[in-house]
Novice: 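Quick one: structure below, then a few questions.
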Amino acid sequence: MASEPTQRYYRAPCPGCGAPVEFKSAQSTHAVCGYCQSTVVRNGDVLTRLGKMAELFDDHSPLQLMASGRITLDGQDTPFTLVGRLQYKSDAGVWTEWAAFLQDGTMATLGEDNGSYVFTRPINPGRELPEAARFRLGATTAINGKPYSVASTGQASLMSAQGELPKLPPLGQPFDMVELRSADGEVLSIDYSRQPPQVERGKSVLLEDLKLQGLKDESAKDEKGRQFNCPHCGAPVQVQLASTKSITCGSCASIIDLGSGVGAELRSAEQDEPVRPIIPLGSKGQLQGVHWQVVGFQHRMGVAPGDDEHFGWSEYLLYNQKRGFAFLVDSEEGWSMVRPTTGAPQLASNGRTATYMGTKYEQKYSYTAETTYVLGEFYWQVHRGQKTSNRDFASSKGVLSLEQSPTELTWSAGDKISSDAVVKAFNLQDKKDVLQRDDPGPFVAAKGMGCGTILLVAVIILILLLLLSRCSRCDPQVENCSSSSSSYRSSGGSYGGYSSGGSHK
């Protein structure tokens, strides 16, 4: 069996300090010297110093330069090595992209995506792309004949970089970014820091599936670097997760923004009227075959358009080191387990149905959601008063939720689960009555209809007949005869968890 050809790499002394700077890929144009932090650009066999790179923000990622792994691309098992690192910042927070050198000499990107990861490669969009301002959130556009939904728009800027890089936007200068998602789970990012814009396409991946080697030694992690004093009350605050962008103080419950790192000036906001989670933070349990830990909690309130009745629900942020994040949602309608989707479900033209991974979901509710209280750690910048426009969908196979902010559109998908499953998962037998909810109906196979169910159906039919009878007699000159659909909710809770700022850029 023939072996892969050895790639020719280029090495030259750093113009700043003389230390060797290595380029593994012919596609790499920039590098950051590992000794003096000089930014150098390669022009043929000549290196030119552009200036000094800013210091890296320590995100405590398990990844590091020269870590290697394998991924299936175009049906082939492909080795790769992480050779570069880019740290970006936007209004939503800070995230990292790793430059991956593939065995064939080309480059790819391993980046963050809603608390997990996405692996992308550059593509030719096949046409001239419009300016970023032309992309409207939620609209559909085609790239190489394939439809994509506009998931996020906004600006980002480069904070710092390390290693060998195929691209290097000007340090600290904002540039436009657009993210598209498809119904089959693809992510497509458009980077306007260069002309023509750089387009990359890929899908979400699990770190455990990449067979990574050469990761950071967890035992060598400096825990002191993730501990600080609350800027409001002075109490010590310990950050447990590498991806945390917001955390609450355990003493005064203030929300602390970690978007610029622990060592930067910390911003905080006080919280009153505490809401206590039924499942304590730090609790560990197994749901759907995965071991989770409760790391965050938020209480949210919703109101339907034209309605003055508010309803509330709670969301527990769950974390698994290899699977990322998920949401355990507690509402009057029962418990559900959801995760942000990589792809974008397709909405029908009337907006009443959405199709995702071959399953059709019917819209049940439409409402405005607001975060009213938070505890713990979050991978996005969370704050009280955070509002989104929500739409919930359901099918016989599960639930689907759409949340929209001014700059981002996030879909979440999952399943209804029983109260007993939650009790068993977190060993909360002493709270069984408190955790009891209306368990899944249409999402679980029926075992037959009892007398109570038959009576309830009869009552509902009778009410509908009375309403129809009333509408047939209604005089539009005297009263409002229009009937509203069931597209909004008056009670219950959200199907999906809120996710902002974790999207792949």
Side-chain angles (χ1 to χ4, degrees), residues 113-116 138 140 147-149 151 181-187 203-206 209 285-290 292 313 315-316 318 320 323-367 369 390-404 409-422 424-425 437-449 453 457 485-489 491-499:
D113 181 68
N114 285 328
S116 55
T140 300
Y148 291 86
S149 175
R181 297 181 180 237
S182 70
D184 62 354
E186 280 192 349
V187 177
K203 289 191 174 185
S204 64
V205 294
L206 296 175
D209 292 338
Q286 184 174 350
L287 282 169
Q288 298 178 340
V290 179
W292 301 98
W313 72 95
E315 297 176 1
Y316 296 86
L318 309 182
N320 175 278
R323 298 296 183 93
F325 295 91
F327 293 87
L328 179 62
V329 183
D330 174 17
S331 75
E332 294 178 6
E333 296 184 345
W335 294 88
S336 56
M337 180 91 165
V338 299
R339 296 192 67 183
T341 66
T342 301
Q346 289 184 317
L347 274 172
S349 57
N350 61 6
R352 296 298 184 191
T353 62
T355 303
Y356 185 58
M357 296 298 185
T359 300
K360 187 176 181 180
Y361 296 78
E362 301 283 343
Q363 178 175 306
K364 298 298 181 182
Y365 310 111
S366 176
Y367 54 98
N390 289 30
R391 297 166 71 179
D392 290 344
F393 301 78
S395 75
S396 59
K397 293 186 177 180
V399 295
L400 196 64
S401 179
L402 170 63
E403 299 199 5
Q404 184 170 340
L409 188 151
T410 303
W411 286 92
S412 300
D415 306 285
K416 288 279 192 175
I417 59 177
S418 68
S419 303
D420 289 342
V422 176
K424 182 179 179 181
R437 302 288 182 270
D438 292 334
D439 278 346
F443 309 99
V444 176
K447 296 182 179 179
M449 298 179 62
T453 304
V457 172
S485 70
S486 60
S487 62
Y488 65 88
R489 67 192 309 146
S491 65
S494 170
Y495 287 155
Y498 180 62
S499 164

Novice: Using 0.5 Å steps for rounding, measure from the OG atom of S336 to the CH2 atom of W313.
Specialist: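 The distance works out to 11.0 Å.
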Novice: Considering residues at least two apart in sequence or located in another chain, which fulfil the side-chain contact (heavy atoms from CB on, under 4.5 Å) criterion with Q286?
Specialist: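 In terms of side-chain contact (heavy atoms from CB on, under 4.5 Å), with neighbours along the sequence ignored, Q286 is linked to H291.
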Novice: With a 4.5 Å limit on heavy-atom distance, are the side chains of M337 and L318 in contact?
Specialist: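 In contact.
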Novice: Looking at A183 and Q346, what are the two nearest heavy atoms and their distance?
Specialist: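 Heavy-atom minimum between the residues: CB-CG, 3.6 Å.
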Novice: Can you name the residues that form a side-chain contact (heavy atoms from CB on, under 4.5 Å) with K424, not counting sequence neighbours?
Specialist: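 By the side-chain contact (heavy atoms from CB on, under 4.5 Å) rule, K424 matches no residue at all.
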Novice: Going through the checks in order, is the side-chain contact (heavy atoms from CB on, under 4.5 Å) test met by L409 and L402?
Specialist: CA-CA 7 Å; L409 188 151; L402 170 63; 3.2 Å; yes
Novice: Report the residues that fulfil salt bridge (charged side-chain N to carboxylate O under 4.0 Å, His left out) with D415, sequence neighbours left out, ordered by chain and then residue number.
Specialist: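 Salt bridge (charged side-chain N to carboxylate O under 4.0 Å, His left out) check on D415 returns nothing, list empty.
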Novice: Could you tell me the separation between the NZ atom of K364 and the OG atom of S401, rounded to the nearest 0.5 Å?
Specialist: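 Going from the NZ atom of K364 to the OG atom of S401 covers 14.5 Å.
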Novice: Could you pull out the closest heavy-atom pair between G185 and T342, with the gap in Å?
Specialist: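 Closest approach of G185 to T342: O-CG2, 3.2 Å.
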Novice: Shortest non-hydrogen contact from R437 to S419?
Specialist: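 For R437 versus S419, the nearest heavy atoms are N-OG, 2.9 Å.
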Novice: How would you list, by chain and number, every residue that makes a side-chain hydrogen bond (donor to acceptor under 3.5 Å, both in side chains) with S149, sequence neighbours excluded?
Specialist: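 Partners of S149 by the side-chain hydrogen bond (donor to acceptor under 3.5 Å, both in side chains) criterion come out as none, since no residue qualifies.
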Novice: Can you list the residues that meet the side-chain contact (heavy atoms from CB on, under 4.5 Å) rule with T359, with sequence neighbours excluded?
Specialist: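 side-chain contact (heavy atoms from CB on, under 4.5 Å) list for T359, sorted by chain: Y361, S395, K397.
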Novice: What's the spacing between N320 CG and L287 CG if we round to 0.5 Å?
Specialist: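 Here the rounded value is 11.5 Å.
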Novice: Ignoring hydrogens, what is the shortest heavy-atom contact between W411 and A344? Give both atom names and the distance.
Specialist: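 Scanning both residues, the minimum pair turns out to be CD1-CA, 4.1 Å.
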Novice: Does any non-hydrogen side-chain atom of D392 lie less than 4.5 Å from one of Y367?
Specialist: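 Of all side-chain heavy-atom pairs linking D392 with Y367, at least one is under 4.5 Å.
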Novice: Could you walk me through whether D420 and S418 pass side-chain hydrogen bond (donor to acceptor under 3.5 Å, both in side chains), step by step?
Specialist: CA-CA 5 Å; D420 289 342; S418 68; 5.4 Å; no
Novice: Report the distance from atom OG1 of T353 to atom CD of Q363, rounding to the nearest 0.5 Å.
Specialist: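 Rounded to the nearest 0.5 Å, the OG1-CD separation comes out at 9.0 Å.
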Novice: Does any part of the side chain of I417, heavy atoms only, come nearer than 4.5 Å to the side chain of L328, both counted from C-beta?
Specialist: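 A side-chain contact under 4.5 Å exists here.
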Novice: Any side-chain heavy-atom pair from R391 and Q404 closer than 4.5 angstrom?
Specialist: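 Counting from C-beta outward, R391 and Q404 never come under 4.5 Å.
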Novice: Hey, could you give me the NZ/OG distance between K203 and S182, rounded to the nearest 0.5 Å?
Specialist: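 Taking NZ in K203 and OG in S182, the distance rounds to 7.0 Å.
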Novice: Ignoring hydrogens, what is the shortest heavy-atom contact between R339 and F325? Give both atom names and the distance.
Specialist: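 Residues R339 and F325, closest heavy atoms: NE-O, 2.8 Å.
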Novice: Would you say T355's side chain and G358's backbone share a donor-acceptor pair under 3.5 angstrom?
Specialist: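 No, the answer is negative, given that no donor and acceptor are paired below the 3.5 Å cut-off.
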Novice: Of the non-hydrogen atoms in A326 and W292, which two are nearest, and what is the gap between them?
Specialist: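 So the two residues come closest at CB-CH2, 3.8 Å.
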Novice: Going by side-chain hydrogen bond (donor to acceptor under 3.5 Å, both in side chains), name the residues that satisfy it together with Y148, two or more places apart in sequence or in a different chain.
Specialist: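 By the side-chain hydrogen bond (donor to acceptor under 3.5 Å, both in side chains) rule, Y148 matches E186.
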